[in-house]
Structures are given as structure tokens and as C-alpha cells.
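Only one structure is covered here, and it is reproduced in the block below.
What you see is a predicted model; the values in this text were computed from it and never measured.
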Amino acid sequence: MKKSHKVFATVATAALLLTAGVGAAAMATPAPAPAAGSVPASTTDIQPGAGTVVAQNRITVGASADAVRAALAKCQADNLPFVTVALVDRFGTVQALLRGDNAAEHTIEAAKQKAYTAAAFGAPTSELAKRITGNGPGIDDLPGTLFLPGGVPLKVDGVSVAGIGVGGAPDGKLDEACAAAGAAAVTGAKG
């Protein structure tokens, strides 16, 4: 090896070791202690109040389960065992879901989207479907929504807090009848 290459290799190795040593020393230096009486920002509690925290109504797990069971039972009684029923909160998060015997894969997404659409807009999807004109962009272009009959909103004091949707029946009116039966189960449920 030429002398210039040996010198360069030695200098490069020394620089690397020096950099690693400085980095290790920096990592080993303890962070300054917080001042007496202060609370680290990651553990600061927000005080509940009108200007800082929003109260949210949600359907309980028990009422959600009752609703999807009642909707599926209605569909089964109507000889429609191949549907899926979903109950979502107003943000579209699934609270409960039941997939009927022989329900196809697409019924899962249809039920969730109908439930979310009803919850987000606070109206049955059969009513919302009437607003679709087909003339340019519309509300039916919003991601995660489905403007076909079969979704029913659940409201507390007139405010939509959830939706129940059914997908898979050969007619959306049949889906909606099952969803309405599920919503009716929540009306009498004690959460």
C-alpha cells in the first residue's frame, strides 16, 4: 500500500473514532432535571371545560351488540340470512358487526359504508340517495360513503351519534327494514 493511502486510512480511522466518541459522550450526558414544581409536557392534564374538551355520546357495547343482533334476526326472519350488519360511531369506527351465514365479502364493506353515511349525514341512506343527481361531483363522491338504502342514523337529542347499516339483501328497502329493526332495539336498550 502506498504511504499516502496509509496516512489517509489512519486519519480517516482516527476521525471516525473521534466522532463516535463525541457522539457517545453526548448520548451519555444526562438531560437537565426539570425545575422544581414543573410537570413534563407529556404528562400535563387538560382540565375539562367548555373551551377545552368536547363531550361525546356513544352507543354502548351492549346496545351495539343488541342492535346488530336484532337487525340480523329481522333479516333472517325475512329469509335474508346472507347479509352483514354493522354499527359504527359517527366517525365510522365499527362498534359491532355481524356477518350472516353465506354473506358475501362485499356485504361487509357495504354495511359499514351505509352505517357511516347515515351517521355522518344524520339521515337514512334511502333519503340521502334521493339527493344524488349524477350531474358532476356530489356528496356520493366522498370516500367511505355509500348512498344506497340500508343505513339508519342513531341520534341523541337530535344529534347523530352512530349509524347502523345492512348490506346484502336483493333490495335496499329490505336492508333498511333490517337496519330500522336494529335501531329500534337501541331505543329500548339500557346501556
Sequence-distant partners of D171, salt bridge (charged side-chain N to carboxylate O under 4.0 Å, His left out), two or more places apart: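 So D171 forms no salt bridge (charged side-chain N to carboxylate O under 4.0 Å, His left out) with any residue.
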Qualifying residues under salt bridge (charged side-chain N to carboxylate O under 4.0 Å, His left out), relative to R131, sequence neighbours excluded: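 Here no residue qualifies.
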Would you say I132 ends up clustered with L142 if hydrophobic residues are merged whenever their side chains have heavy atoms under 4.5 Å apart, either directly or through other cluster members?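 Yes, L142 and I132 fall within the same hydrophobic cluster.
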Grouping I, L, V, M, F, W and Y whenever their side-chain heavy atoms are under 4.5 Å apart, do I108 and F82 come out in a common cluster?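 I108 and F82: separate clusters.
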To the nearest 0.5 Å, what is the distance between CG on D101 and CG on L98?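 Reported to 0.5 Å precision, the distance equals 10.5 Å.
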Can you tell me how far OG1 of T84 sits from CD of E105, rounded to the nearest 0.5 angstrom?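 The distance works out to 8.5 Å.
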Between [X] and [Y], what is the shortest heavy-atom contact and its length?
| X | Y | value |
| --- | --- | --- |
| A70 | G182 | CB-CA, 4.2 Å |
| A67 | V186 | CB-CG2, 3.3 Å |
| V53 | I46 | CG2-CG2, 4.1 Å |

Between T107 (side chain) and A103 (backbone), is there a donor-acceptor pair under 3.5 Å?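 Judged by distance alone, no pair lies under 3.5 Å.
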Please confirm whether the backbone N or O of L148 pairs with a side-chain atom of T125, one donor and one acceptor, at under 3.5 Å?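 Checked: pair present.
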So [Y] and [X], do their side chains get closer than 4.5 Å, heavy atoms only?
| X | Y | value |
| --- | --- | --- |
| V85 | L97 | no |
| Q47 | T52 | no |
| Q113 | T145 | no |
| R69 | D66 | yes |
| L80 | P170 | yes |
| I59 | D89 | no |
| P124 | E176 | yes |
| Q95 | R58 | yes |

Only pairs at least two apart or in different chains count here, so list each salt bridge (Lys or Arg N to Asp or Glu O under 4.0 Å) that has a residue in residues 73-87.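 For residues 73-87: K74-D78.
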Applying disulfide (SG to SG under 2.5 Å), which residue pairs with at least one partner in residues 73-153 are found, sequence neighbours left out?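 Every pair satisfying disulfide (SG to SG under 2.5 Å) with a residue in residues 73-153: C75-C178.
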Greater than 12 external heavy atoms within 6.0 Å of D141's CG: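 Count over threshold, so yes.
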ring-ring contact (aromatic ring centres under 6.0 Å, His included) contacts in which one or both residues fall within residues 101-133, not counting sequence neighbours: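 Checked against ring-ring contact (aromatic ring centres under 6.0 Å, His included) - neighbours excluded - the pairs reaching residues 101-133 are F121-F147.
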Using only heavy-atom distances, determine whether the side chains of Q56 and R90 contain a donor-acceptor pair under 3.5 Å.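 No.
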Under 3.5 Å, which donor-acceptor pairs link side chains of residues 152-168 to any protein atom two or more places apart or in another chain?
{"unit_1": "K155", "atom_1": "NZ", "unit_2": "G122", "atom_2": "O", "d": "2.9"}
{"unit_1": "S160", "atom_1": "OG", "unit_2": "A119", "atom_2": "O", "d": "2.6"}

